[in-house]
Amino acid sequence: MPSGEYDPDAVEPRWQRRWVDEETYAYPDDDPVDPNTVFSIDTPPPTVSGSLHMGHLYGFTLQDFVARFERMNGGTTFFPFGYDDNGIASERLTEDELDIRHQDFERREFQAKCREVCADYEEQFTENVQALGVSVDWDHTYQTIEPRVQRVSQLSFVDLYDQGREYREKAPAIWCPECETAISQVETEDDEQDSHFHDIAFPVVRDEATGANGGDAAAEAADTADEAAETFTISTTRPELLPACVAVFVHPDDEENQQLVGESAEVPLFGHEVPIIADERVDMETGSGIVMCCTFGDQNDIEWYQVHDLDLRVAIDESGHMTAVAEEYEGLHSGEAREAIVADLDEAGALEERRAITHTVNVHERCGTSVEFLVTEQWYIQMLDKTDEYLDIGREMEWSPEKMFTRYEHWVEGLQWDWLISRQRSSGIPFPVWYCAECDEEIVAEKTDLPVDPLSDDPPVDACPACGHDEFVPEDDVLDTWATSSLTPLINAGWDWDAEAEEFTMEHPELYRFDLRPQGHDIISFWLFHTLVKCYEHTDEVPFEETMINGHVLDENREKMSKSVGNVVEPEAVLEEFPVDATRYWAAGTAVGDDFPFKEKDLRAGEKLIRKLWNASKLVESLAPEPFPAEPDDGDLRELDRWLLAELDSEIDRLTDLLENREFSKARDGLRSFFWNTFCDDYLEIAKQRDDDAAAYTLRTAHRRFLKLFAPLLAHVTEELWHDMYADAVEPNDAAGGATDSIHLTDWPEPLGVDADRDAGAAATAVVGVIRKYKSENQLPLNAELDAVEVYADVRGFEADITGVMHVADLTVHPDADAPVETVITGIDLDYATVGPKYGDQVGDIEAALAQDDYEIDGDELHVAGVTLLADEFSIEKTRQYRGDGELLEADDVVVIVNNDA
RNA sequence: GGGUUGGUAGUCUAGUCCGGUUAUGACACCUCCUUGACAUGGAGGAGGCCGGCGGUUCAAAUCCGCCCCAACCCA
């Protein structure tokens, strides 16, 4: 039985431990689960190398609201947890922690070290997440590097390869010279950087034959007169790419420079000649409007290379150093080469101007290094041919909130590259592929052998099936980490290859498709998208019924939290000061999808609500001590009791809808005010006067329901109260009926269907409210005795309640009689919804006439401004005047007269 | 540069899709009150040109156009 003050510091960790120890939220692996009622959640696994931040706290808490609600309201819930330790983040962490370099180890050896290092971090992370009280099933966890997941990941590769969805191609790819690996489009970001624009003079080389072909006298004159001196200017931020220059482009609408088209240009310092070509992709606004095309400066260069069949002149190598093409600059780093080339251009008189600018460059998001475009051999997953289908499967999901679908839509529509999945790194999940040393035939591992590492394992064949050669080269690239993290639904469902049946199977087919995928809005474009694509290709099914997109946590001033600004709020500090349930209250405080600020006020409000719930529970306990009646005779319930239970029924309906729609903020605020205002302030205050079975039953029934309704939100305090007050008793509606069951495993309340005169209840509470206000305004204590009160409203059945709580000595109810008051008409209110459309612009005249009291009331009708308004088109505004003894109080439809001599 | 979302009392927020004349609630603020749990409580009060300008309409926080500010996504 609850007593004293609520002590979250003691209570919350106790329940967190018990939930884990007793496996409260375990998914029943062995018992069959009804696929129609199971609720399965697939969460994006966090990187464990960092510590818990507010974004985690917020995200996990939202997931937990859904998990706890669905568990009570629906059926069995599957809520797993994953650790993403297959990536460069954990690779770097391991290197730092052990002071080693991954290059010095064999791949499997290094990965073993990674897992050792990550294990400690995972343990810490697990503790932190368990301290949030989220109802994860800790028996269902996975690491994205573990062998089982490696197998799933390689199976995925092999399946897509078999389907013909993957190909290996030597083509321009985005390359990070610092990390020395290819990367995909999503791993780059824009960075504002200081740079210089260099205006460089390019000499025109007139080809005699073509020059004469122009047949134009003026051109010929220019040709002969200025041949040596004729130059044009190219502006570039990357002069180190001069040796890679393969063409010069002019816009077809650029009349001024049109005469250059068809000629050749000589590249300064390097002396090779390149064609001058017209193409509408030239940006005429930038620099001189004439641009050079290099191998490769940007994506435009790649398009030009492909469309115009240009030469390949690779001047920068995989580590960012100059190649032999750069002649005397060979071996210099591209940055050094830039300075040297600029100096030499200047000396040669070819540098016309150099000015400082800032521009955006594409950098690798991990290391901030500007990316290059290199021609390398890489593996790709084909996507561009199916973007329409991928749009459709995105549309098939339910999006909470709906508006987030447009992000997905724009991302898919804007795709420019197939998905590059090979990475030149030494840790990660290996490609299960070898190549014939003779003919380069691709040899893919057998599904039954997976996982394999070609660096340590042998290929599945002794001789090349194409040419019979018996030597093989292992693929030493690893898979992009998203190639694995995009498989979490399949990992969770236990997807595998059944060699005997020769088909893919699932250990838990009932989980797939998953009911919910929660995640932040920042990863829609890659993580969610890639997951949809891969799971769809493997199963022909959209992997998720619904996706719930949460926003980002901002600081108190709505600024983005950042370490450099110093406005980062640490969960640890918050949890030291506030109960976990208070952070849960805060997390429910905004519409899902919106970014929202950290608000200490919300945490305090949460604390207050927890305390109110605790204190009200104590009062319920003392007003209706055990044993309380489980099922009183229906006729015994008083009007007030029926009214409360009926109101609670509607609240349950409303709340259930809101939670189903993931409208946590409205759910939270609605339930809070119903509990606080209607139950505590109205019903409980009145019930203090009561000492009967009906009241005891009503108090306990309502209270038990409130605990359940609050349980998804305030997980700890409701569990504590449930065990204090109810866990010993048998839950009549709970089939499990376990005496020690968690409240979180009980059934969500169904409406009781109690009949009640809702209007009478509303009138009665209005009467109480108006009397309370009278006392307040007259500075009377709320328990001050009132001599006589007359009520002109039908509050029959509530008399004792009103007299009891308001301490009225003599209450008279006039259910039908009009109040003994004079009414004075003070004006006319129009019903604009009817009058507006009906009378249109005559409304102005009607209003003007009403303002001047120029109207006539005729029975139910109103004559004004030449028109006749019907009864339902207007209402008469009156004030009541009372000339008798006592004081007139009124609210809504009730009139109360108080006579008090005191 | 393009797109998306948001801008409502001091602060946070509901309402905007589907227009209706008194714009919701909380926190903070002011006044009063010890009701059988809670003063960390209760009753009341004040506080708003609904980002700006224009348009549509009898009527606009709500629909349309332009602009400003912020965040995010994509170049």
Side-chain angles (χ1 to χ4, degrees), chain A residues 2-6 185-186 188-190 283 285 298-299 360 362 401-411 413-416 520-526 551-552 554 556-560 586 589-591 593-623 663 665-666 668-670 672-673 676-677 680-681 684-691 769-784 804-807 829-847:
Chain A
S3 63
E5 286 194 11
Y6 179 58
Q185 198 182 348
V186 294
T188 66
E189 60 186 18
D190 296 335
D283 177 11
E285 308 299 315
D298 58 25
Q299 211 159 326
T360 44
N362 248 332
E402 225 172 304
K403 65 189 177 192
M404 286 294 172
F405 174 67
T406 48
R407 289 211 188 187
Y408 179 88
E409 198 173 20
H410 285 123
W411 169 257
E413 283 170 352
L415 274 180
Q416 287 173 312
H521 61 51
D522 53 333
I523 59 175
I524 292 173
S525 51
F526 51 107
H552 281 171
L554 308 173
E556 297 247 47
N557 303 313
R558 291 203 138 262
E559 305 284 336
K560 199 174 163 177
W586 160 77
T590 201
D594 289 357
D595 287 347
F596 86 119
F598 173 77
K599 287 181 275 187
E600 209 174 303
K601 283 165 193 162
D602 252 26
L603 290 164
R604 276 198 288 268
E607 245 184 328
K608 281 170 65 172
L609 177 61
I610 295 164
R611 200 177 298 121
K612 188 77 178 178
L613 185 57
W614 181 262
N615 288 324
S617 301
K618 283 200 292 187
L619 182 60
V620 167
E621 180 88 39
S622 71
L623 290 175
E663 296 185 85
S665 179
K666 289 178 191 171
R668 178 193 84 165
D669 293 343
R672 179 190 176 278
S673 46
W676 203 304
N677 302 326
C680 294
D681 294 341
L684 264 182
E685 287 305 330
I686 297 174
K688 283 175 181 174
Q689 320 301 322
R690 302 266 298 270
D691 183 21
V770 97
I771 298 173
R772 207 152 41 192
K773 184 171 176 178
Y774 165 84
K775 288 186 173 178
S776 177
E777 280 171 353
N778 290 284
Q779 305 190 5
L780 293 168
L782 280 171
N783 60 354
V805 70
M806 283 294 113
H807 301 268
D829 281 336
L830 294 176
D831 177 22
Y832 284 92
T834 319
V835 174
K838 187 167 173 184
Y839 291 99
D841 50 16
Q842 289 179 72
V843 169
D845 299 338
I846 297 172
E847 282 173 333

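Lettering of chains follows the sequences in order, A, B, ..., and the numbering in each one begins at 1.
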Of rC38(B), rG6(B), rG3(B), the nucleotide closest to the side chain of His410(A) is rG3(B)
Restricting to side-chain hydrogen bond (donor to acceptor under 3.5 Å, both in side chains), what partner residues turn up for Asp681(A), sequence neighbours left out? none
Between the main-chain N or O of Leu609(A) and the side-chain N or O of Trp676(A), is there a donor-acceptor pair closer than 3.5 Å? no
Tell me every residue that passes side chain to side chain contact (heavy atoms under 4.5 Å, CB included) with Ala616(A), counting only those two or more places apart in sequence or in another chain. Phe675(A), Cys680(A), Leu684(A)
Indicate, yes or no, whether a donor-acceptor pair under 3.5 Å links the base of rA14(B) to the side chain of Glu663(A). no
side-chain hydrogen bond (donor to acceptor under 3.5 Å, both in side chains) filter on Arg690(A), not counting sequence neighbours, yields Asp641(A), Asp692(A)
Nucleotide by nucleotide, nucleotides 68-75 of chain B touches protein heavy atoms under 4.0 Å in the pattern (B base, S sugar-phosphate only, - none) ---SSSSB
With sequence neighbours left out, write down each residue that passes ring-ring contact (aromatic ring centres under 6.0 Å, His included) with Tyr774(A), or none if nothing qualifies. none
Who pairs with Phe526(A) by ring-ring contact (aromatic ring centres under 6.0 Å, His included), at least two apart in sequence or on another chain? Trp482(A)
If one requires at least 3 consecutive Watson-Crick or G-U pairs with distances under 3.5 Å, the stems of RNA chain B turn out to be B:1-7 with B:68-74, B:10-12 with B:25-27, B:29-33 with B:41-45, B:51-55 with B:63-67
From the list rC12(B), rA37(B), rG44(B), which nucleotide is the closest neighbour of the side chain of Asn615(A)? rA37(B)
Residues forming a ring-ring contact (aromatic ring centres under 6.0 Å, His included) with His807(A), sequence neighbours excluded: none
Each nucleotide N or O in nucleotides 23-28 of chain B that has a protein N or O under 3.5 Å away: list the pair and distance.
unit_1: rC27(B); atom_1: OP1; unit_2: Lys608(A); atom_2: NZ; d: 3.3

Of all residues at least two apart in sequence or in a different chain, which pass the side-chain hydrogen bond (donor to acceptor under 3.5 Å, both in side chains) check with Thr406(A)? none
According to side-chain hydrogen bond (donor to acceptor under 3.5 Å, both in side chains), who are the partners of Lys612(A), at least two apart in sequence or on a separate chain? none
Grab the N/O contacts between the protein and nucleotides 56-60 of chain B below 3.5 Å, and write none if there aren't any.
unit_1: rC58(B); atom_1: O4'; unit_2: Gly840(A); atom_2: O; d: 2.9
unit_1: rC58(B); atom_1: O4'; unit_2: Asp841(A); atom_2: N; d: 3.3

